[in-house]
Visitor: 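Structure below; questions to follow.
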Amino acid sequence: GIRELESIRSLDSKTGARILPLDDRGEEIRIKPDAFIMVYGRGMAVYKRPTFVLEKVGDVEVWRSIVRDARSKGREAQIIYMGKAHPDDNGGKEALQRILHIAKTDPELKGTIIFIEDYDTQVAKAVIKIATVALNNPEPPLEASGTSGMKFQLAGKPSVSVLDGWTLEALKGVFSFVTPKNLLKVLTGVWQFVNKSGKVIETKETKNIPTNVEEKIDGHVAYECLD
């Protein structure tokens with residue numbers, strides 16, 4: 001995967017999937033083949049929460065904790081971001097700027113956060129081979145489908161994911177692992193989402209929530225795709 005990525009990059013001397021940020025010597029950070037590699041391979045949109053694992057939530061900083069745990073075991077950990085923000089999505093652009101800022105300025109995390117430019121199908125195929133696990137943490141229930149995460153499953157790669165979009169459907173298959181408590185909520189339809197304004201959306205209150213798909217298992221609502 002790493003050699004394939006280098007081959008793609010050599011096709012275009014101007015950018016060619018350039019790796020950012022540069023290190024203190026002005027050189028590109030090298031992807032380490034033996035590292036634990038988490039990959040965010042989807043669009044840069046605010047609701048997809050690309051910076052979530054880098055930010056402090058309560059007393060926990062997810063990515064910092066992973067890096068520390070890997071180093072305590074004599075290993076390395078890297079997270080690879082690849083994705084583009086819509087030209088009119090200022091929030092998505094700001095998220096990318098935030099990622100690069102942390103990657104460049106945080107002493108402990110330097111060398112562990114990578115962004116690959118010119119994300120396309122060729123780059124995706126190469127990076128998927130490198131991935132240890134894929135990251136999917138949109139803000140429920142805003143993910144309509146999440147096809148960007150499906151490509152990792154088709155390659156046999158596990159995902160760390162919230163229950164939204166395609167992951168609810170995958171519970172009926174062989175790809176996902178979920179806690180018994182959350183699985184029971186999904187299968188019985190007793191499921192809650194809390195949006196940014198603090199409003200609770202319950203799947204049982206379907207009369208006030210327009211839906212375009214409703215799947216049932218043993219008579220119970222398993223999941224709903226909200227319009």
Side-chain angles (χ1 to χ4, degrees), residues 1 5 8-9 12 14-23 28-29 31 35-57 61-64 66-67 77-106 109-155 157-167 193 195-197 226:
L5 182 60
I8 294 168
R9 297 174 62 207
D12 185 348
K14 293 180 180 179
T15 55
R18 187 172 53 146
I19 292 176
L20 297 174
L22 302 180
D23 64 19
E28 290 184 344
I29 298 169
I31 299 172
F36 170 88
I37 296 179
M38 180 177 285
V39 177
Y40 177 97
R42 60 201 71 243
M44 287 287 170
V46 174
Y47 84 90
K48 291 181 182 291
R49 301 191 296 183
T51 65
F52 182 77
V53 296
L54 304 180
E55 306 286 358
K56 191 169 185 178
V57 181
E61 289 181 72
V62 175
W63 184 242
R64 193 180 303 277
I66 291 173
V67 170
Q78 291 179 307
I79 183 168
I80 298 176
Y81 285 91
M82 51 179 190
K84 301 175 182 177
H86 188 278
D88 296 328
D89 185 358
N90 291 328
K93 295 175 186 177
E94 290 172 1
L96 176 54
Q97 291 171 353
R98 176 63 178 157
I99 290 167
L100 292 175
H101 175 76
I102 295 172
K104 290 174 65 176
T105 62
D106 191 301
L109 299 182
K110 279 187 177 181
T112 73
I113 304 170
I114 293 170
F115 174 72
I116 301 179
E117 287 186 331
D118 296 339
Y119 174 50
D120 59 14
T121 54
Q122 279 187 305
V123 172
K125 287 179 181 179
V127 176
I128 285 172
K129 295 177 182 179
I130 302 168
T132 305
V133 65
L135 175 63
N136 178 51
N137 54 200
E139 180 186 348
L142 301 178
E143 187 61 81
S145 177
T147 53
S148 53
M150 296 178 188
K151 59 182 178 284
F152 290 94
Q153 262 53 47
L154 293 173
K157 300 287 184 172
S159 285
V160 175
S161 178
V162 299
L163 285 174
D164 195 19
W166 72 271
T167 56
F193 298 110
N195 62 21
K196 287 185 177 180
S197 65
L226 306 183

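Heads up: numbering here begins at 1 and tracks the sequence. Since we're looking at a predicted model, the values are computed, not measured.
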Visitor: For V133 and F36, run side-chain contact (heavy atoms from CB on, under 4.5 Å): C-alpha distance rounded to whole Å, both residues' side-chain angles, the deciding distance at 0.1 Å, then the answer.
Guide: CA-CA 8 Å; V133 65; F36 170 88; 3.5 Å; yes
Visitor: Any side-chain heavy atom of L96 sitting closer than 4.5 Å to one from K93?
Guide: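 Not in contact.
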Visitor: Distance from T105 atom OG1 to L100 atom CG, nearest 0.5 Å?
Guide: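 Reported value, rounded in 0.5 Å steps: 10.5 Å.
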Visitor: Calculate, to the nearest 0.5 Å, the distance between atoms CD and CD1 belonging to E55 and I102 respectively.
Guide: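 The CD1 atom of I102 is 4.5 Å from CD of E55, to the nearest 0.5 Å.
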Visitor: How close do A131 and K157 get, counting heavy atoms only, and between which atoms?
Guide: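 Heavy atoms only, the tightest pair is O-NZ, 2.7 Å.
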Visitor: Could you tell me the separation between the OH atom of Y40 and the NZ atom of K48, rounded to the nearest 0.5 Å?
Guide: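 So the gap between those two atoms works out to 6.0 Å.
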Visitor: Return the minimal non-hydrogen interatomic distance between R49 and N137, and the atom names on each side.
Guide: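 It is NE-O, 2.8 Å.
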Visitor: Rounded to the nearest 0.5 Å, how far does CD1 of I29 lie from CD1 of I113?
Guide: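 I113 CD1 to I29 CD1: 8.5 Å, rounded to 0.5 Å.
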Visitor: Using the rule given for side-chain contact (heavy atoms from CB on, under 4.5 Å), can you reason through L54 versus Y81, listing the C-alpha separation, both sets of side-chain angles and the distance that settles it, and then say yes or no?
Guide: CA-CA 12 Å; L54 304 180; Y81 285 91; 3.6 Å; yes
Visitor: What's the spacing between T132 OG1 and I130 CD1 if we round to 0.5 Å?
Guide: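 If we round to the nearest 0.5 Å, T132:OG1 and I130:CD1 are 10.0 Å apart.
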Visitor: Hey, is NZ on K151 packed in by over 12 heavy atoms from elsewhere, all under 6.0 Å?
Guide: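 More than 12 heavy atoms, drawn from other residues, nucleotides or ligands, come within 6.0 Å of this atom.
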Visitor: What are the two closest non-hydrogen atoms of A95 and T51, and how far apart are they?
Guide: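 Residues A95 and T51, closest heavy atoms: O-CG2, 3.6 Å.
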Visitor: How long is the gap from NE2 on H101 to CD on E94, to the nearest 0.5 Å?
Guide: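 Answer rounded to 0.5 Å: 13.5 Å.
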Visitor: Grab the two heavy atoms, one from G41 and one from Y119, that are nearest each other, plus how far apart they are.
Guide: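 Residues G41 and Y119, closest heavy atoms: O-OH, 3.3 Å.
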Visitor: For residues M44 and I99, report the shortest heavy-atom separation together with the two atoms involved.
Guide: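 In this case the closest contact between M44 and I99 is CE-CD1, 3.9 Å.
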Visitor: Of all the heavy-atom pairs spanning M82 and F115, show the shortest one and how long it is.
Guide: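 Residues M82 and F115, closest heavy atoms: CA-CE1, 4.3 Å.
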Visitor: With no hydrogens and no angle check, is any side-chain donor or acceptor of R42 less than 3.5 Å from a backbone partner on P50?
Guide: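 Answer holds: no.
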